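Comments concern the structure below.
Here the structure is a predicted model, which means the values were calculated and not measured.
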Amino acid sequence: MNGSRKPIRRILTGVRPTGKLHLGHYVGALKMWVDLQEEDYDCFFLLADVQALTTHAENPSLIEAAVREVTLDWLGVGLDPHRSNVHFVVQSWVRELPELYTYLSMVAPFSDVRRNPTLKEEMAAIEKKTVSLSEASKTTLGFIDYPVSQVADIELFTPPAPHQKGDALLVPVGEDQVPHIELTNRTVRNFNRTYNEVFLEASARVGEVPRLVGTDGQAKMSKSLGNVIQLADPEEVVTKKVGQMFTDPRKLRQGDPGRPDICPVYTYHQAFGSESNLLGSRDLQARAEACRQGELGCVECKKELAVALNNLLDPIRDRRAKAEKMALRKILEEGTARSREIGVQTLSAVRQAMHLGYPQIH
Ligand code: TRP
């Protein structure tokens with residue numbers, strides 16, 4: 001084996017574009033992506049529009065709008081495709097992906113997909129109609145199989161074999177995506193065992209706050225639950241949403257002792273406090289204590305949260321407004337073109353390993 005090339009360190013991650021992104025995306029993943037682009041990784045950020053089709057096939061215009069909004073959100077948080085190591089990629093434009101997906105599906109363990117907890121949760125939501133699908137739409141075959149297509153999304157970017165010390169394929173994601181990365185690695189092991197060592201296993205990295213509660217205290221901030229604060233929400237909207245947030249139901253009056261540990265407002269102070277210098281005069285400990293003692297009322301505590309969030313969001317709003325005037329299409333085309341170059345190479349290695357050139361036939 002020639003061990004002469006430099007290590008290749010790549011990041012592949014993505015979002016299903018079905019609407020604007022929210023604070024849960026920010027602390028769960030985006031903030032980490034922004035930090036990682038500063039390290040020496042080649043970063044591919046995927047607008048997973050084909051995956052969005054698995055639930056929104058009847059609504060192409062929604063997906064188009066969402067591709068644009070997510071691109072703006074990404075530029076807003078500070079992802080920078082003008083750096084040479086940062087690429088925004090449109091999934092449906094990468095023609096190599098469906099081909100790789102087909103081959104990988106032959107070695108992807110079906111039992112894994114069936115047991116996949118994230119898929120199960122999403123299917124339950126569709127069946128309970130907490131996810132808004134049109135009447136015609138039931139769970140589709142494409143939807144059941146999306147974890148396998150996600151394996152292809154990730155492994156298209158495998159550093160080429162033979163792998164060297166220091167090669168890496170990092171997938172920074174929210175906690176709910178971890179089962180898909182486990183599936184990726186079982187599929188990779190099956191492939192490499194069956195054919196040759198083509199694929200490198202992927203490593204998951206989960207953001208600071210794996211799952212942010214909704215403004216209503218439900219386990220998850222989610223557009224379909226209507227409990228989100230979007231990155232693009234204007235200042236007044238954020239202040240209003242924070243004002244309506246759920247708090248400890250037993251703390252009815254300002255002087256009542258509160259339980260910060262069960263209060264979503266306190267959870268947000270924990271999640272976002274470090275982001276802002278303007279938290280009033282309170283650090284987290286002091287805030288929790290003042291709440292427990294009944295010295296801090298919810299109205300005031302919420303006002304301080306709204307200020308902290310608006311401070312965090314202000315620069316994001318500014319960058320997003322500038323991005324509205326940028327040539328977005330060019331950014332997407334360039335990022336996609338780079339990922340296709342890599343994809344062609346990966347597929348060539350895969351076809352060779354799977355023997356699809358049929359060298360015996362003359
Ligand atoms: N499943 C992710 C989401 O729901 C989107 C996604 C598609 C993805 N392909 C990926 C994430 C590959 C990480 C890696 O937002």
Side-chain angles (χ1 to χ4, degrees), residues 13-36 45-48 51-52 55 66 69-79 117-119 121-122 124-126 130-132 150 171-181 204-235 237-247 261-276 302 305-306 308-317 319-320:
T13 186
V15 165
R16 207 183 277 176
T18 56
K20 292 180 183 155
L21 303 182
H22 54 62
L23 287 176
H25 294 114
Y26 183 73
V27 279
L30 296 174
K31 193 173 160 224
M32 165 173 62
W33 300 2
V34 174
D35 291 341
L36 285 166
F45 298 113
L46 188 70
L47 292 143
Q51 196 173 107
T55 49
E69 295 296 353
V70 171
T71 304
L72 292 173
D73 284 332
W74 283 358
L75 293 166
V77 297
L79 294 179
T118 298
L119 185 70
E121 215 174 275
E122 290 170 316
I126 290 175
T130 41
V131 167
S132 53
Q150 195 158 326
V171 190
V173 281
E175 164 190 65
D176 58 337
Q177 300 298 304
V178 172
H180 304 332
I181 296 165
R205 184 173 309 175
V206 176
E208 249 168 50
V209 179
R211 189 174 275 222
L212 184 69
V213 293
T215 51
D216 57 357
Q218 290 202 66
K220 188 178 171 185
M221 186 174 270
S222 149
K223 190 176 44 143
S224 50
L225 299 172
N227 60 8
V228 307
I229 294 175
Q230 291 176 333
L231 299 176
D233 280 344
E235 185 175 340
V237 174
V238 171
T239 305
K240 181 159 168 251
K241 285 181 176 174
V242 171
Q244 292 167 345
M245 277 181 75
F246 282 39
T247 51
D261 306 330
I262 63 149
C263 177
V265 174
Y266 182 72
T267 307
Y268 283 28
H269 276 293
Q270 278 180 312
F272 298 99
S274 62
E275 288 287 345
S276 163
K302 284 174 168 178
L305 177 62
L309 290 180
N310 279 322
N311 273 353
L312 165 71
L313 291 174
D314 267 340
I316 297 180
R317 292 177 185 123
R319 273 190 301 260
R320 202 179 195 281

Side chains of Leu212 and His22: closer than 4.5 Å at any heavy-atom pair?
no
What pair of heavy atoms forms the shortest contact from Thr247 to Pro264, and how long is it?
CA-CD, 4.3 Å
Are His180 and Thr118 close enough that some pair of their side-chain heavy atoms sits under 4.5 Å apart?
yes
How about Leu305 and Met245: do any of their side-chain heavy atoms sit closer than 4.5 Å?
yes
With heavy-atom distances below 4.5 Å as the criterion, would you say the side chains of Val15 and Leu47 are in contact?
no
Could you give the distance from NZ (Lys241) to CG (Leu309), rounded to the nearest 0.5 Å?
11.5 Å
From Gln51 CD over to Arg16 CZ, what is the distance, rounded to the nearest 0.5 angstrom?
4.0 Å
Residues Glu69 and Lys223 bridged, charged N to O under 4.0 Å
no
Trp33 and Phe45 aromatic ring geometry - parallel, tilted or perpendicular at 30°/60° bounds
parallel
Measure the OH-CG distance between Tyr26 and Leu313 for me, rounded to the nearest 0.5 Å.
8.5 Å
Of all the heavy-atom pairs spanning Val209 and Ala271, show the shortest one and how long it is.
CG2-CB, 3.9 Å
Can you tell me how far the CG atom of Leu30 sits from the CG atom of Leu23, to the nearest 0.5 Å?
10.0 Å
Smallest separation among heavy atoms of Pro210 and Glu175, with atom names:
CB-CB, 3.7 Å
Indicate the atoms forming the closest heavy-atom contact of Thr13 with Pro172, along with that distance.
OG1-O, 2.8 Å
Calculate, to the nearest 0.5 Å, the distance between atoms CG and NZ belonging to Asp73 and Lys20 respectively.
8.0 Å
Measure the shortest side-chain to side-chain distance between Asp233 and Val228 over non-hydrogen atoms and say whether it is less than 4.5 angstrom.
no
Distance-minimising heavy-atom pair for Gly174 and Ala29
N-CB, 4.2 Å
Going from NZ on Lys302 to SG on Cys263, what distance comes out if it is rounded to the nearest 0.5 angstrom?
8.0 Å
Residue pair Gln177 / Val171, side-chain heavy-atom distance below 4.5 Å
no
A side-chain contact here means heavy atoms from C-beta on lying under 4.5 Å apart; do Val77 and Leu21 qualify?
no
Under the 3.5 angstrom rule, does the side chain of Asn227 hit a backbone N or O of Lys220 as a donor-acceptor pair?
yes
pair Met32-Val206: side-chain heavy atoms closer than 4.5 Å:
no
Distance-only, no hydrogens or angles: does the Tyr268 side chain make a donor-acceptor pair with backbone N or O of Val213 under 3.5 Å?
yes
Between Ala52 and Thr18, the two heavy atoms sitting closest are CB-CG2, 4.0 Å
